[in-house]
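By convention here, the first residue in the shown sequence is residue 1.
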Amino acid sequence: MENVEIFESEGKGRGLRAIRESWAGDIIFAEPAYSAVVFDNLSHSVCHSCFKRQEKLLRCGQCKFAHYCDRTCQKESWANHKNECVAIKKAGKAPNENIRLAARILWRIEREGSGLTEGCLVSIDDLQNHIDKFDEAEKGLLMEDVQKFLEYWPSQSQQFGMQYISHIFSVISCNGFTLSDQRGLQAVGVGIFPNLCLANHDCWPNCTVIFNNGKIELRALGKINKGEELTVSYVDFLNLTEDRKAQLKKQYYFDCTCEHCTKKTKDALLLAVKDGEDKPEERVVKEVIQYSKDTMEKIEKARSEGLYNDVVKLCRDCLKRQEPIFADTNIYMLRILSIYSEVLSYLQMFDDAAENAKKMVDGYLKIYHQNNAQLGMAVMRAGVTHWHAGMIEVGHGMICKAFAILLITHGPLHPITKDLEVMRAQTEMELRMFKENEFVYYKMREAALSNKPFQVMKEPNSEPATNLFHKKPQEAKS
């Protein structure tokens, strides 16, 4: 690790700091997973070696569980899958992703020992587990996982003590990193990256983390001076300070004291209402906030059931209540606009989708860091929606803006950046045609679309934006 070193961060314990200067878009380090697994619900559609989504995958002939792009991926994964293959075959079925990941970690420790591995600044043994901060429910879930693990773990493998197995599961709970597919659009798995685990949280960080071509990349969001601490954000910034702090405390067991939390930066924007003569009464604001929260619950239920026309009606009715009250950066309105524009795009109602996506992006640009990855993805989706709606000028501008952000957050070699570069070139060409002759442009566009199967937008994702680290949800007790 030539660019970073471990140091004692004041009030945070161990952290990482830069040992040389970096600039926006620089890769500070890239790290392969110590161990990683595909999510249970995607085990048949994602390669268990490179984590790429594929329509057709080769299945392991022995365990019938692991799937691979081709023989090359299968061969590269064999060291990690060999023991797992035998265990799954013997058990008759694969256990859940946490147990599979814990087993892969322990099989690697069995092969190589638990000390420092090549390129790692910290060993698995030395990663924080926070067991002492678990509540009774979390301890109960931990013991359930340990018990299921012991039923799965082969008797001929090295036997580990209950305390050590509990440490591994707790490390996964606190430090498991969410892996995305090759285009960065869907969470597909979870892995342990020891060096990344050392990066402390900041709600307004100087680095971002991207999974690219089998490795995580820690990338600079701006200029970083030698000796400066390297930070990442564990959660989405688009939340009120008290909500971010509560989430960090619940999931990662610390009280955030970053500057944005201390000063509650951006909270005023996130709660902003109409000003001047149109300023609403406080009572009315509270009523609309509660109405927005209640509507979000109904929307989530409708989305989970695939009732997208119901989602459109709920969003439309909610916006009618919100727009006379809330300012354009209000978090409750931005959440509705995000869902509304996405579902409208899926239903191919592109004109309405573009109008609402534009409002969403205008709000995001006032709240997010200028090089935030989620901002870049949102601007990209809005740009594509405008292109579908035939609004080539605005669409091209948004796609260019998104490309500039993703060059920093994802880098020029990431598949999503490459896709966006192609789209940028295409919209640039179309924009030139549009400026030369609007009538001819629209006629050519209409002809092109009529001769080409229409590409339906991806089905809306009912899950919220993923956090940096993967946390297994607690199951409700009946």
For this session: Evaluate salt bridge (charged side-chain N to carboxylate O under 4.0 Å, His left out) for Asp181 paired with Lys52, printing each intermediate quantity in order.
Result: CA-CA 5 Å; Asp181 64 6; Lys52 292 179 179 178; over 6 Å; no
Exercise. Between Tyr34 and Phe193, is the ring centre distance below 6.0 Å?
Worked result: no
Exercise. Can a donor-acceptor pair be found between the side chains of Thr208 and Thr409 at a distance below 3.5 Å?
Worked result: no
Exercise. Salt bridge (Lys or Arg N to Asp or Glu O under 4.0 Å) with Asp317: which residues, sequence neighbours excluded?
Worked result: Lys313
Exercise. Taking atom types as modelled, is there a side-chain donor on Tyr332 or Gln322 under 3.5 Å from an acceptor on the other?
Worked result: no
Seminar exercise, completed: All heavy atoms of Ile124 vs all of Pro194, minimum pair found to be CD1-CG, 4.2 Å
For this session: State whether the side chain of Thr385 and the backbone N or O of Ala353 hold a donor-acceptor pair below 3.5 Å, judged by distance alone.
Result: no
For this session: Decide if atom CE of Met444 counts as having more than 12 heavy atoms of other residues, nucleotides or ligands within a radius under 6.0 Å.
Result: no
Throw together a table of side-chain donor-acceptor distances under 3.5 angstrom for residues 281-288, partners on residues two or more places apart or in other chains.
unit_1: Glu281; atom_1: OE1; unit_2: Arg283; atom_2: NH2; d: 3.4
unit_1: Arg283; atom_1: NH1; unit_2: Glu287; atom_2: OE2; d: 3.1

Problem set entry | Modelled atom types, side-chain donor and acceptor of Asp243 and Gln247, under 3.5 Å | no
For this session: Return yes if some donor-acceptor pair links the side-chain N/O of Glu297 with the main-chain N/O of Asp294 below 3.5 Å, else return no.
Result: no
Seminar exercise, completed: Contacts satisfying side-chain hydrogen bond (donor to acceptor under 3.5 Å, both in side chains) that involve residues 392-406 (not counting sequence neighbours) are His396-Thr427
Exercise. Would you find a donor on one side and an acceptor on the other, under 3.5 Å apart, between the side chain of Asn175 and the backbone of Val171?
Worked result: yes
Exercise. Between Asp126 and Arg14, is there a side-chain N and carboxylate O pair less than 4.0 Å apart?
Worked result: no
For this session: May I ask you to check whether Phe177 and Phe211 place their ring centres under 6.0 Å from each other?
Result: no
Exercise. So Arg303 and Asp310, salt bridge (charged side-chain N to carboxylate O under 4.0 Å, His left out) or not? Walk me through it.
Worked result: CA-CA 8 Å; Arg303 277 210 299 181; Asp310 290 354; over 6 Å; no
Problem set entry | Check: Thr262 side chain, Cys258 main-chain N or O, donor-acceptor pair, under 3.5 Å | yes
Exercise. Between Tyr340 and Arg316, do the side chains contain an N or O donor and an N or O acceptor separated by less than 3.5 Å?
Worked result: yes
Seminar exercise, completed: side chain to side chain donor-acceptor pair (under 3.5 Å) filter on Asn371, not counting sequence neighbours, yields none
For this session: Using the six-membered ring wherever Trp is involved, compare the ring planes of His201 and Phe254 and label them parallel, tilted or perpendicular (cut-offs 30° and 60°).
Result: tilted
For this session: List the atom of Ile28, the atom of Asn3, and the distance in Å for their closest heavy-atom pair.
Result: O-ND2, 2.8 Å
Problem set entry | OG-CD1 distance between Ser292 and Ile299, expressed to the nearest 0.5 angstrom | 9.0 Å
Problem set entry | Any side-chain heavy-atom pair of Lys266 and Trp204 under 4.5 Å | yes
Exercise. Considering all heavy atoms of both residues, which atom of Ala402 and which atom of Gly376 are nearest to each other, and what is their separation?
Worked result: CB-O, 3.5 Å
Problem set entry | Exam field: side chain Asn356 to backbone Asp352, donor-acceptor pair closer than 3.5 Å | yes
Exercise. What distance do Ser170 atom OG and Gln128 atom CD have between them, rounded to the nearest 0.5 Å?
Worked result: 12.0 Å
Exercise. Backbone N or O of Leu337 within a donor-acceptor pair of the Ser341 side chain at under 3.5 Å?
Worked result: yes
Exercise. Roughly how far apart are Leu142 CG and Asn98 CG, rounded to 0.5 Å?
Worked result: 10.0 Å
Exercise. Can you pull the side-chain hydrogen bond (donor to acceptor under 3.5 Å, both in side chains) pairs that have at least one residue in residues 357-369, sequence neighbours excluded?
Worked result: Asp236-Tyr368, Glu323-Lys359, Asp328-Lys366, Lys358-Asp362
For this session: Count the heavy atoms of every other residue, nucleotide or ligand shown that sit under 6.0 Å from NZ of Lys215, and state whether that count exceeds 12.
Result: no
Exercise. Any side-chain heavy atom of Leu248 within less than 4.5 Å of one from Val235?
Worked result: yes
For this session: May I ask you to check whether over 12 heavy atoms, not counting those of Lys264, lie within 6.0 Å of atom NZ?
Result: no
Seminar exercise, completed: Closest non-hydrogen atoms of Cys207 and Ile224, given as atom of the first, atom of the second and distance, are SG-CD1, 3.7 Å
Exercise. Any sub-3.5 Å donor-acceptor pair from Arg219's side-chain atoms to Gly25's backbone N or O?
Worked result: yes
Problem set entry | Side-chain H-bond candidate by donor/acceptor type, Thr241 with Asp267, under 3.5 Å | yes
Exercise. Sub-3.5 Å donor-acceptor pair from the side chain of Asn225 to the main-chain atoms of Glu228, do we have one?
Worked result: no
Exercise. So, for Ile367 and Leu270, which heavy atoms are closest and what is the spacing to 0.1 Å?
Worked result: CD1-CD2, 3.5 Å
Problem set entry | Side chain proximity check, Lys274 to Pro324, heavy atoms < 4.5 angstrom | no
For this session: Please report the C-alpha distance between Glu242 and Lys245 in whole Å, then the side-chain angles of each, then the deciding distance to 0.1 Å, and finally whether the salt bridge (charged side-chain N to carboxylate O under 4.0 Å, His left out) criterion is met.
Result: CA-CA 5 Å; Glu242 62 181 37; Lys245 287 173 70 74; over 6 Å; no
Problem set entry | Value rounded to 0.5 Å, distance of OG in Ser166 from CG in Asn129 | 9.0 Å
Problem set entry | Heavy-atom side-chain proximity of Leu218 to Leu230 below 4.5 angstrom | yes
Problem set entry | Distance-only polar pair, side chains of Ser45 and Gln54, donor-acceptor under 3.5 Å | no
Exercise. Any chance the side chains of Asn200 and Glu229 put a donor and an acceptor closer than 3.5 Å?
Worked result: yes
Problem set entry | Side-chain donor-acceptor pair present, Asn239, Arg244, cut-off under 3.5 Å | no
Exercise. Which pairs count as side-chain hydrogen bond (donor to acceptor under 3.5 Å, both in side chains) when at least one residue sits in residues 411-424, sequence neighbours excluded?
Worked result: Arg183-Asp419
Problem set entry | Closest contact, heavy atoms only, Asn195 versus Leu16 | O-CD1, 3.5 Å
Problem set entry | Any Cys174 side-chain heavy atom under 4.5 Å of Tyr253 side chain | yes
Problem set entry | From CE (Met377) to CG (Leu420), nearest 0.5 Å | 9.0 Å
Exercise. Between the side chain of Asp202 and the main-chain N/O of Val232, is any donor-acceptor distance below 3.5 Å?
Worked result: no
Problem set entry | Ion pair check, Lys301 and Glu305, cut-off under 4.0 Å | yes
Exercise. Distance-only, no hydrogens or angles: does the Asp40 side chain make a donor-acceptor pair with backbone N or O of Glu97 under 3.5 Å?
Worked result: yes
Problem set entry | NZ/NE/NH1/NH2 to OD/OE distance under 4.0 Å, Arg17 and Glu5 | yes
Problem set entry | Worked verdict on Tyr234 versus Cys203 for side chain to side chain contact (heavy atoms under 4.5 Å, CB included) | CA-CA 8 Å; Tyr234 296 176; Cys203 291; over 6 Å; no
Exercise. Is it the case that Gln186 and Arg53 place a side-chain donor and acceptor less than 3.5 Å from each other?
Worked result: yes
For this session: Enter the distance from Leu121:CG to Phe29:CZ here, rounded to the nearest 0.5 Å.
Result: 7.5 Å
